[in-house]
Amino acid sequence: MSFTYFLKRAAFAALALAALMTSAFFLVRLTGDPVNLYLPVDASDAAREAMRIRLGLDRSLLAQFFDWAWDILSLDFGMSLWHNRPAMDVVLEALPNTLALGAIALALAFTAAIVMGSIAAVNAGGWIDRGVNVLSQAAASVPDFWLGLMGVLLFAVTFRILPTSGFGGPIYWVLPVACLFARPFGTLVQIVRGSMIEALNATFVRTARAKGARDGRVTFVHALRNALLPAVTVTGDLAAQFAGGGGVVEVVFGFPGIGKLLIDGILKRDFAIVQASIFAVAVVIFVINILVDMLYASIDPRVRVE
Amino acid sequence: MTDTSAEFLPARERRSRRILWLLRALAGDPMAVAAAIWLLIVVLAILTDSLSLLGDNRISLKARNLPPFDFGQSWTLWLGADALGRPLLVRLIQAASTTIGIAVVTVLTSLIGGTLLGVIAGYFGGIVGNVIMRICDIILGFPTLLVALFGLYLFGPSVSNLVIVLAITRMPAYIRVARAETLEVRERLFVDAARVFGGGPTWILRTHILPSVAPTMLTLASVNLAMVMLFESGLSYLGLGIQPPSVSWGLMVAQGQGYLSSAWWLGFFPGLAVMLTTMSFNLLANWFRIVNDPSQHWRLVSRRR
Amino acid sequence: MALLEVEDLQVSFDTASGRIFALNGVSFSLERGEVLALLGESGSGKSVTASAIMDLVPNPPGAIDRGSIRFDGAELLKLSRNERRDLCGNRIALIFQDALAALNPVYPVGWQIAEMYRIHGRNPEGGVEKAVIDLLTAIGIPDPERRARQYPHEFSGGMRQRIMIAMAVALEPDVIIADEPTTALDVTIQAQVVDLLATIRKRSDAGMIFITHDLGVVAELADRVAVMYAGRIVETANVFELFEDARHPYSVGLLASQPRVDTDEDELVPIPGSAPNPVALPSGCAFRTRCPRAERLCAEVIPPLETVGPGRQAACHFPVLTA
């Protein structure tokens, strides 16, 4: 983990963010009416005109761009129209909730997938394997928002043991975590199973057997450590996807995370919130990428030399 | 070595042998059979809908929130009716056309666009290739849902915007794969030979590169169908995808949400349809991959599994 | 009683194009202190023989259909899975062909050698760590304390093969099976590894099965040779007899197709045709389609492995007689 590596990563993250935001800035101004980003579609013409002047849309495109870019560079993302506070403050309040939610769901999914995937791989072709395959395919295919609604229907409406939505003690986390768990779990089981079967057929596993290692040792000491590598990569990708918030799931449960904030911001046309959320997500993804690279290097010695 | 001997058969016979082998391989995988049957049902349902064989779909106050599994009613009401008394089964089939139609068009768009851009980036390289690849990196650097949400926010929700936004978020995967395969094929001797014999770039692309790239791209497309369906459902559920009066499975779940405690079937069946269809695409994609990988063939035919 | 006795061993695999018989009744024996070379082209069943002895035949798609493997008086095929594992590494050790693939990429080599002691619960004098360092020194790895902490990818091909060998000999096994240990190496490194194996051979009284297609290595290391073709042993002889007076037409062809320094003939004669398709072996003798001496009988009756002289056997209806 050298300093140049860190700089390279940071430069790319900054570049990607700049490219996304800048192209969005110009696309909106060139193809449509930016006022639409701030006002509902049915806003009155007077309100539109007032907003146009307030945003300085009557000035030249370049002047607007430099103003906007300067604000972003000085980390000023503007005031949230709905919360009537600096947008970044609102985002920073929501961010920890999303990070915790995503981390818990992913950690559970990763652990469960390692166990189930290994069991399936060891019994490849048998009925356990088929069962795990159906279960994981179902988990990878289930729409998370629907799973959430069905969870509410079953546990909150019918049995009344869990809250429908809202935020508070641990009990409010059960359903959102369960819903976010499903898809990464299903995906990871497939990955772990595949890489585990590959590892179990690798020559170094034959060596381990030839050395006299019994099945448990062969599976968990020799094969699993190698099979973890693809699973870690995919988990990193999933973590980056989750950084955008548990998106739809947060909306279903009214969970105050960055996904709900962003989607509400979009539906309520609160541009400052959208802009600040995307910036925060980009920073989180940058950190996640570095963590995953470090984790990867600690598992695979071959990465270290590069 | 039956495969080598098949090389000498006339093309028609070889093809029928290939189909027989595929059918035999399919029979060895009950899950894939189930998936194929489900997709067949969905396709048939869409066909009956497009031929308007479905009977009426009018608002009927008598049937408001009619519960499912009342087999005394007309078959269209077997899955119940919605808040306006419209038969749920008919609505589901209409939504299937939208949901699957959008998924197929999106995947075709990103497949064709991604393959072309990837082959261009791989074959010609240079500045153009670099620019294409950097744009891919940027798109992949953000969560797919975030890019899609942002795109729909900027350009407004509509069917064409939905297709474009989803296609663009999925395209980098195709571009990367197509570019990698193209680079590899380009380095191989026969393309050099083709160049020496005077084949132009288009000829080389058509006869050498596209055929080598196609199988991988199709496998990728079959996996992506499921993914795109899930994204479309999610976006439509949020109200950023398909807009009423059009109907899609995700939108139906959103519309049923308000009746969760009184009419659970309104949200249950459309979501189940998404899950079964996504799962079928996934299972068939899996099976497709095994069929295309000769080292896995024994799994499909061996008795001692 | 021989140290290791393989009798009538048959191993088959399920493949997409049908069932193939990788071994068709293989029999041989190995004495203490002896080096037996299994010689043959790729696909002749040499490596499958090693896998069967080490209980490494993947099942499915492979299976041992019949036969017996007796080691030190015990029938291996009747032992439980874990009893087999306890013998492996401990009393029968295997050296793989491709050390880069055979060593686990994510563990240091010292750890992998030490694992031998740990698996079998051995406590060498002075501790496992010292034993590992001593082994690395003995096989000629400089700076063993530092090298033990390095990973397989940080070693050269020859060094890796030495580490494989160190691992195999760590617990002083009774039988060492070397599966083409030099094939993946450069010629100069090959010679070093062969020298190392020769040294080990001199120092211990272990029996060694040396699997190879390289006649030069056979001449250098082996006492006795078993020539394999299409899943059968077609000739066994001591190494001098084989080189001077091979009886099976396949052995004769094999010798004629490789350069030798001990004769004046400078013309190499390749064996015509190619190895037979294992799914559809020719009837009778599998070699008959490439054999200059084949007659009608060869297509009808599979020639049994018969004694053709003191301590030597051949499976041919019309053996070559040079004398």
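Hydrogens, waters and symmetry mates play no part in the numbers below; they use all other heavy atoms, side chains included. Chain letters run A, B, ... following the sequence lines, proteins first and then strands; every chain starts at 1.
Residues that satisfy the salt bridge (Lys or Arg N to Asp or Glu O under 4.0 Å) test with A:Arg217, not counting sequence neighbours, are C:Glu115. For A:Asn123, the side-chain hydrogen bond (donor to acceptor under 3.5 Å, both in side chains) criterion is met by no residue, not counting sequence neighbours.
In this structure, C:Glu75 places its CD atom where more than 12 heavy-atom neighbours from other residues, nucleotides or ligands lie under 6.0 Å away. Heavy-atom contacts from other residues, nucleotides or ligands closer than 6.0 Å to CD of C:Gln150 number more than 12.
Residues of residues 46-55 of chain C lying within less than 4.5 angstrom of chain A, judged on heavy atoms, are C:Ser51, C:Met54 in numerical order.
Atom CG in C:Leu100 sits 11.0 Å away from atom CZ in A:Phe204 (nearest 0.5 Å). In this structure, A:Arg225 CZ and C:Tyr107 OH are separated by 5.0 Å, a value rounded to the nearest 0.5 Å.
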Can you give the donor-acceptor pairs under 3.5 Å from side chains of residues 101-113 of chain A to other protein atoms, not counting sequence neighbours?
residue, atom, partner, partner atom, Å
A:Thr111, OG1, A:Ala107, O, 2.6

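In this structure the side chain of A:Lys211 never reaches within 4.5 angstrom of the side chain of C:Asn90, judged on heavy atoms. A:Asn201 places none of its side-chain heavy atoms less than 4.5 Å from the side chain of C:Pro58.
At distances below 3.5 Å, at least one donor-acceptor pair connects side-chain atoms of A:Thr207 with backbone N or O atoms of C:Ala102.
Both the backbone and the side chain of C:Leu56 have a heavy atom closer than 4.5 Å to some heavy atom of chain A. Contact of C:Gln112 with chain A is made through backbone and side chain together, with heavy-atom distances under 4.5 Å. Of the atoms belonging to A:Ala202, not a single heavy atom falls under 4.5 Å from chain C. Using a 4.5 Å cut-off between heavy atoms, A:Val221 contacts chain C through both its backbone and its side chain. In this structure, the portion of C:Arg81 lying under 4.5 Å from any heavy atom of chain A is its side chain and not its backbone.
In summary, A:Asp215 and C:Arg85 do not engage in a salt bridge, as defined by a charged side-chain N under 4.0 Å from a carboxylate O.
Listed options C:Gly89, C:Ala101, C:Ala99 were ranked by heavy-atom pairs under 4.5 angstrom with chain A; first place goes to C:Ala101. The residue among C:Ile177, C:Leu103, C:Asp98, C:Leu94 with the most heavy atom pairs within less than 4.5 Å of chain A is C:Leu103.
Note that A:Arg206 lies outside the cation-pi zone of C:Phe96, set by a 6.0 Å cut-off to the ring centre and a 45° limit from the axis.
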task = Take C:Asn104 and A:Asn226 through the side chain to side chain contact (heavy atoms under 4.5 Å, CB included) test and state the conclusion after the steps.
result = CA-CA 8 Å; C:Asn104 196 324; A:Asn226 283 276; 2.8 Å; yes
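Considering all non-hydrogen atoms of both residues, C:Ile119 and A:Gly212 come closest at CG2-O, 3.4 Å.
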